[in-house]
Amino acid sequence: MFTGKVAVVTGGSRGIGLAIARALLQRGARVAITATSDATLRTGAAELEKVSAAGAVLPIRADVRRYEQVEQAIEAAARHFGGLDVLVNNAGVGLFRPVADMTVDEWHRVIDTNLTGVFYGCRAVLPHLRSRGGGWIINISSLAGTNAFPDAAAYCASKAALNAFSEALMPEVRHDRVRVAYVMPGSVRTDFTHPTSGPDDWKLAPGDVAQVVADLIAHPSRSLPSRVEIRPSQPPGKKR
């Protein structure tokens, strides 16, 4: 389905990002993944290579908080694969603290990763998508962007701003045939999410979010589903 398409997935070595990269590879795309750790890059790339054609996976070490690293990663992927069609801005961080206890450095780590890193990725990739005649930018947000909760002011603010950024970018580039969408998952079963007590089998699986991303890319070019909310169908709570 995606044969010939090339994607970059930031934060693609584990969790939701790894699931997205796997889903795109299984549909025939070639994928570059980024991460800040050489160890997780090696592990993630090795796992992805099991489900992909030879040479279809390109691991790149890059910190999305550093524009020069993001730009170099985008350029490396385009050069290696001969172009780019899709950017999935998935890299994110969640530090859950009361505002009074959060350090300035922690605030910047959340905002610079979850928001500024997305701007860096979009700015770097747009010339490549335009030269390709169009493509997709998909930003992984969160229901926390519209449903704020205590001890998550930085995280909720970063995702609310990401939603607004995506909404503004979408009409800027739609006539270049670049489609922009953002996906807002609820609770996902990864080591990233806000800790909860008790069983977590009610949460979304990373593959559920990956399926949404793949389905977006598969939409006919005449359509633009620009915002998708996905939540657990049976969360804990009162049963009738």
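Only a predicted model underlies this, so the values are computations on that prediction, with no experimental measurement involved. Throughout, numbering of the chain's residues begins at 1 and tracks the sequence.
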Quiz item: So how far is it from Leu216 CG to Arg227 CZ, rounded to the nearest 0.5 Å?
Solution: 13.5 Å
Quiz item: Is the shortest heavy-atom distance from the side chain of Thr43 to the side chain of Ser13 under 4.5 Å?
Solution: no
Exercise. Before giving the answer on side-chain contact (heavy atoms from CB on, under 4.5 Å), spell out for Val125 and Val8 the whole-Å C-alpha distance, their side-chain angles and the decisive distance to 0.1 Å.
Key: CA-CA 9 Å; Val125 83; Val8 173; over 6 Å; no
Self-check item: Transitive ILVMFWY side-chain link Tyr120 to Ile137, under 4.5 Å
Solution: yes
Quiz item: Does the pair Asn114 and Val118 meet the rule for a side-chain contact (heavy atoms from CB on, under 4.5 Å), with working shown?
Solution: CA-CA 7 Å; Asn114 297 358; Val118 173; over 6 Å; no
Quiz prompt | Check: Asp85 side chain, Val6 main-chain N or O, donor-acceptor pair, under 3.5 Å | solution = yes
Quiz item: Quick one: do Val180 and Ile230 end up in the same hydrophobic cluster if we chain Ile, Leu, Val, Met, Phe, Trp and Tyr together by side-chain heavy atoms under 4.5 Å apart?
Solution: yes
Practice problem: Check whether any side-chain heavy atom of Leu224 lies under 4.5 Å from a side-chain heavy atom of Met170, and answer yes or no. | Solution: yes
Exercise. Determine which pairs satisfy ring-ring contact (aromatic ring centres under 6.0 Å, His included) with at least one residue from residues 25-47, sequence neighbours left out, and list them in order.
Key: none
Exercise. Please report the shortest heavy-atom distance between Ala160 and Gly145, naming the atom on each side.
Key: CB-O, 3.4 Å
Exercise. Kindly give the heavy-atom pair with the smallest separation between Trp136 and Ile217, and that separation in Å.
Key: NE1-CA, 3.5 Å
Quiz prompt | Atom pair CD1 (Ile111) and CG (Leu162), whose distance is rounded to the nearest 0.5 Å | solution = 10.5 Å
Exercise. Compare all side-chain heavy atoms of Pro206 with those of Leu18 and state whether any distance is below 4.5 angstrom.
Key: no
Quiz item: So, does Asn139 use its side chain to make a donor-acceptor pair with the main chain of Tyr182 at under 3.5 Å?
Solution: no
Quiz item: Taking everything shown except Gln211 itself, do over 12 heavy atoms lie less than 6.0 Å from its CD?
Solution: no
Quiz prompt | Interatomic spacing from OG1 in Thr103 to CZ in Arg97 - rounded to 0.5 Å | solution = 7.5 Å
Quiz prompt | Heavy-atom side-chain proximity of Ile16 to Val213 below 4.5 angstrom | solution = no
Quiz item: What is the distance from atom OG1 of Thr36 to atom CZ of Arg65, rounded to the nearest 0.5 Å?
Solution: 7.5 Å
Quiz item: Linking I/L/V/M/F/W/Y whenever any side-chain heavy atoms sit under 4.5 Å apart, do Phe165 and Met184 land together?
Solution: no
Exercise. Give a yes or no on whether the backbone of Val178 and the side-chain of Asp176 come within a donor-acceptor separation of less than 3.5 Å.
Key: no
Quiz item: Which distance, rounded to the nearest 0.5 Å, do you find between the CZ of Arg109 and the CD of Glu106?
Solution: 8.0 Å
Quiz item: What is the minimum heavy-atom distance between Met102 and Leu95, and which atoms define it?
Solution: CE-O, 3.5 Å
Quiz item: What heavy-atom pair brings Phe81 and Gly55 nearest, and what distance separates the two atoms?
Solution: CE2-O, 3.5 Å
Self-check item: Donor-acceptor pair, side chain of Arg177 and main chain of Arg132, under 3.5 angstrom
Solution: no
Quiz item: Within the side chain of Thr34, is there an N or O that forms a donor-acceptor pair under 3.5 Å with the backbone of Arg61?
Solution: no
Practice problem: Give a yes or no answer on whether the side chain of Thr10 reaches the backbone of Ala91 with a donor-acceptor pair at less than 3.5 Å. | Solution: yes
Quiz item: Given Leu143 and Glu229, is the side-chain contact (heavy atoms from CB on, under 4.5 Å) satisfied, shown in steps?
Solution: CA-CA 7 Å; Leu143 288 178; Glu229 297 185 5; 4.0 Å; yes
Quiz item: Transitively linked via ILVMFWY side-chain contacts under 4.5 Å: Val99 with Val93?
Solution: no
Quiz item: Within a reach of under 6.0 Å around CZ of Arg130, are more than 12 heavy atoms found that belong to other residues, nucleotides or ligands?
Solution: yes
Quiz prompt | Minimum-distance pair of heavy atoms, taken over all atoms of Ala56 and Leu25 | solution = O-CD2, 3.6 Å
Quiz item: How long is the span from the CG atom in Asn90 to the CD1 atom in Ile20, to the nearest 0.5 Å?
Solution: 4.5 Å
Quiz prompt | Worked check of side-chain contact (heavy atoms from CB on, under 4.5 Å) between Lys5 and Arg27 | solution = CA-CA 10 Å; Lys5 292 191 180 296; Arg27 289 161 175 78; over 6 Å; no
Self-check item: Single-linkage hydrophobic cluster Val51~Leu24, side-chain heavy atoms < 4.5 angstrom
Solution: no
Quiz item: Of the non-hydrogen atoms in Ala181 and Pro225, which two are nearest, and what is the gap between them?
Solution: CB-O, 3.3 Å
Quiz item: Hey, does the side chain of Ser52 reach the backbone of Leu48 with a donor-acceptor pair shorter than 3.5 angstrom?
Solution: yes
Quiz item: Judged by atom type as modelled, is there a donor-acceptor pair below 3.5 Å linking the side chain of Lys159 to the main-chain atoms of Ile140?
Solution: yes
Practice problem: Please check if the side chain of Arg189 supplies one atom and the backbone of Lys203 the other of a donor-acceptor pair under 3.5 Å. | Solution: yes
